[in-house]
Each structure stands twice: as C-alpha cells, then as structure tokens.
Amino acid sequence: MSAARVRFAPSPTGFLHVGSARTALFNWIYARSVGGRMLLRIEDTDEARNQPEAVDLIYDLLTWLGIDWDEAPLLQSQRRERHREAVESLLECGAAYLCDADNQPVAGTTLRAGLAARFRMPAGRKVSFHDAVRGEVSFASDDLEDFVVWRSGGAATFLLANAVDDVDMGVSHAIRGEDLLSGAPKVILLLEALGAPPPVYAHLPLLVNAARKKLSKRRDDVSLGDYRARGYLPEAMANHLALLGWGPTDGVEIRPMAEIIQQFRLADVNRAPAFFDTKKLEHFNGVYIRALSTEEYLRRSEPWLGEAAPWPAERTRPEVLEALAPVVQEKVRTLGDIGRYVDWLFLEEPPADDDSWRKAMGGPQAPAVLDDAIATYAAADWTPEAAHAAALALAERHDLKLGKAQAPIRVALTGRTVGPPLFESMVLLDRAEVLRRLRNARARLDSEPAG
RNA sequence: GCCCCCAUCGUCCAGCGGCCUAGGACACCGCCCUUUCAAGGCGGAAACACGGGUUCGAAUCCCGUUGGGGGUACCA
C-alpha cells in the first residue's frame, strides 16, 4: 500500500470528453498500480451550465469505463465558505489584495460584493518543480501576473479552488492535462502563501485531432457517451485510451487492464501530444467483440437490436439474431454495426442501396442469373448446404465463379453487396419471401436496367 | 508578442550510450484463403526534423536552429 491519493476533477457540462476520460483513466491506473486511492471532485461552481443529471452522467460513464473511486465525491459547490476563508487569510497576510471592477487596488482585507481579490505575485522568484512526467520545469514569477483568486460575484476562481481542495482532500499527485501546466507555478505560489506543500504534478500529453490541435468539443468527435452509444466496448475504449501517451515495453497492446496496471509507470508516460486515432480504436473494438462468447455478444448487443434497431421493433425475430450471431460477430467492428448486417431479414423490403445495385446488377449476366435463381430456389432444399450447392451449380451453368454469381442474388435479397454469409442467412427468410425478392429484383432490372 | 512544453514510420507506441542494417500495432499496398465484406495467413513500403558538440561509440546526453503544441480570462 501507499499513501498516494489522486483525483479526477471534471466539471459537469452534460457530457464527458474523451480527453477527460483519458485523464481519469491515468489517475485511476496510477492509483491502482501503487495501491493508492482514487478520488473524485465535481467542479460544479459554474451554476449557469450545471445540471444535476450531468453529474450522474459522469459517474455512469466512468463506471462504464471500468473506473471506480474510493471515497464519496467532493462537490466543489459546497466548498464556497472554505474557499472564502482561504482568500481571507491570503488578504490578511498580504499575499492577496482587493480590487474593483476596473482592476484598481482597493484598501482593506475584507471580502465584499463587487470586489475581487488578486494574488500578489512576488517579484524575482523562480518557481521550479519536478513534474512526474516532464522532469524539471521552471517559471519566473516575473512572467506571471497578479491573478484573480476571488471573483467580484462572490466565488473562488479555478486556481484557488483547485489548490485549496487538493490540500483538503490530501491529494498527493495531481495528474492532469498539459493544458494546465502553465497554471502550476501559480498554484504552487498560492499553496506556499497558504502554508501547504504542493502535490506532485504529472502533466499528461494532450489528445489532439488530425490537425494536431487540442481536441475540441465543437470540431471533434469527443463525447465518450457517443462512443458508448455507437457500440464501442468499454474494455476496448479503456485499452485504447491507456495506450495514448504510454505503451508497454513488450509491445503487447491489446491486453487486460490488470496487466496494464501492473506495467504502468508515471515516469514512462510520453511528453508529446497524441492523436486520438479512431481507426485503431475500431480495430481494438473488433478484436474485443470477437473475443466475446456468443452468449455475451448477444447479451451486449441487445441495446442496439430492440427499439433502437433500424427496423420496426415488432418485426425482430430473436431466433434469427441468435442463429446469425457467430458469423456477424466476426465481421462487426462496433455493436452499432450489427443493424446494417441483419436489417434485411426484418425489413419488409430489402434496404435500397444504389451503389450495390449498380455493382451487382450492372453485368450482362444478371437477368439470367436471377431467372435461374428463381427457378433453382423454388425447388432447392431450404438449408444452407443446399442453398450453397444450388448456387454452385447455377454458377457453373452461367460459367461464372461463385463469387460473381452470388452477387445479384445477394443484392436482390439483402439490398447490399456487403453482408453476412449469404447461404447461411438467406434460409432464415421464408422461401416465398426469397422468391418474391428475387422476382422483384428481376422485374426492376427490366424496367430500369442497371447497366 | 511573452512564457512554458514537445520532437522515432502517415498514426499510436518500444527504444532510456554499444543488443538498431531502429522493433510492434493501426492504416496502406500485394499475394493466399474465400460465398460478398470482414477475419485470418504471408510479404511489402514506411521514421530517429536539421546543425553543432560530448564520447572509442548517440535515436538515446548537451547546445542551437527549425517545426509543432499549450498557456497568457473576475472559464474550468
């Protein structure tokens, strides 16, 4: 065990940024790797945009990711008096001073409405500290200005609240984004004036977009909740996030969190920004989905196949989903993709996809293949094997490879060139329905040739 | 502008003075497998930003240049 205490301090804005999630994860991994404690502090001092549901969403998403915490979360909104005390003590010892709306100093040491308080930046100081990921970092106090610690509206600013709360929570390591690095010397000086030792800082490299800019809520796809909604598995997301700014020495990237915790060292964290590459995330997700047992896969895909499915819920046939599960599970990269693979089995008509139609029906042999398929499947046994054998024979009659011959049939039935294995899935539809779709496609070919 | 941080394949990591003719993963390309698409197998292309030092020896240490990022609010 160690006395390490770390904290994740999000503000409840209604969503959780993947960058914040990564910060939370690194804090948690560090805590678990050294036997320390993980704490939460909800920075809900901005009443304007605070919603109580937003706090629950944070708990929910962290839990989803696999992050737990060891003590009741601290709500910063309830700490106003404590913050006021701290500012007053700063005013009393002269480390801070009052000022009016025009930033003119005002004599006195009593906080009152309409007046803000600024920290008095000492002259000629060199503020150095050892950052656990960056090493020695140093700032000159002369480059720093007198910053506001108490707003005229009657509330502490981020810097002050952060410093005081960390002290009161006994935070030993402040692990956070690099965007806060420039604020560190101010907090250190603040803490010094307050007579408290600073925590060990660890500034993580930022997560950036393709343009190498800090991920932004407006431009980028950064809502953790959105990824969950699209069918990313939490273990894939956590695994991927853990590899942004850190990597195991043995090169094994996809692995249980327990092993990551075992190998993680704060000092091994990179210092350069990392691109949040969703391509790699998708790959990870596919690997994790394939690793699921079929039962587990079925259970976890349920949320995407009920009311949220791309077909009327009452048309869902669970036995079909179940029968197809193993083959769909192999292909899909997110649970949200499942719908597009199996929708044609539940929709009244195959989904319309012009590209697929042109691709499969454009060839000169399409009409003949469809005619043949109609005759063939009117008679064939209704099993995958028989459907396969029939298609092989059909292909031979038209002097085509099976891959080429099945294309018009696939598109006639499923609407798309891409989908689950055809013979295994087509027999899950009634023979009459298969024939109807084949005839419809054949008729469409006459009325509007695809070539 | 000023302050701070950073710099290995397109991307994410490994590398912490000799094991590096720089390794893995994603993406990409080719081949194989194949009932589409995936998955899988095999192979390929692909990087130490540049310039000076230090050292017998540098991707690894130091300095500079260039480039990138972050900060600079009575936001957090």
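Chain identifiers are assigned alphabetically (A, B, ...) following the order of the sequence lines, protein sequences preceding nucleic acid strands; residue numbering begins at 1 within each chain.
A donor-acceptor contact under 3.5 Å is formed by the side chain of A/Lys331 with the base of B/U36. In this model, no side-chain donor or acceptor of A/Ser182 finds a partner on the base of B/C4 within 3.5 Å. For A/Glu424 against B/U35, a side-chain-to-base donor-acceptor contact under 3.5 Å is present.
Taking only side-chain nitrogens and oxygens, A/Arg118 comes nearer than 4.0 Å to OP1 or OP2 of B/C74. When the side-chain nitrogen and oxygen atoms of A/Arg151 are compared with OP1 and OP2 of B/C75, one or more of them lie within a distance under 4.0 Å. For B/G69, neither phosphate oxygen OP1 nor OP2 lies less than 4.0 angstrom from any side-chain nitrogen or oxygen of A/Lys214.
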Could you encode protein contacts along nucleotides 8-14 of chain B as a string, one character per nucleotide from 5' to 3', using B for base contact, S for sugar-phosphate-only contact and - for no contact, with a heavy-atom cut-off of under 4.0 Å? ---SBSS
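Between the side chains of A/Thr376 and A/Arg397, a donor-acceptor pair is found at a separation under 3.5 Å.
Salt-bridge check for A/Asp381 with A/Arg431: failed, with every basic side-chain N at 4.0 Å or more from each acidic carboxylate O. We find that A/Asp353 and A/Arg358 are not joined by a salt bridge, their nearest charged nitrogen and carboxylate oxygen being 4.0 Å or further apart. A salt bridge is defined here as a Lys NZ or Arg NE, NH1 or NH2 lying under 4.0 Å from an Asp or Glu carboxylate O, and A/Arg118 with A/Glu145 fails to meet this definition. A salt bridge links A/Arg300 with A/Glu235: the distance from a Lys NZ or Arg NE/NH1/NH2 to an Asp or Glu carboxylate oxygen falls below 4.0 Å.
Taking atom C1' on both B/U60 and B/G1, the two are 35 Å apart, rounded to the nearest angstrom.
Proximity of residues 284-293 of chain A to RNA chain B (heavy atom under 4.0 angstrom from any strand atom) is restricted to A/Arg290.
If you check B/C28 for Watson-Crick or wobble pairing at under 3.5 angstrom, you find it paired to B/G44.
In this structure, NZ of A/Lys279 is placed 10 Å from C1' of B/C28, rounded to the nearest angstrom. Distance NZ (A/Lys401) to P (B/U35): 10 Å, rounded to an integer number of Å.
Residue A/Leu160 holds its CG atom at 9.0 Å from CZ of A/Arg82, rounded to the nearest 0.5 Å.
Residue pairs meeting the ring pair (Phe, Tyr, Trp, His ring centres under 6.0 Å) criterion with at least one member in residues 132-168 of chain A, sequence neighbours excluded, are A/Phe119-A/Phe147.
Between B/C5, B/G69, B/U36, one nucleotide has an atom nearer to the side chain of A/Leu206 than all others, and that is B/G69.
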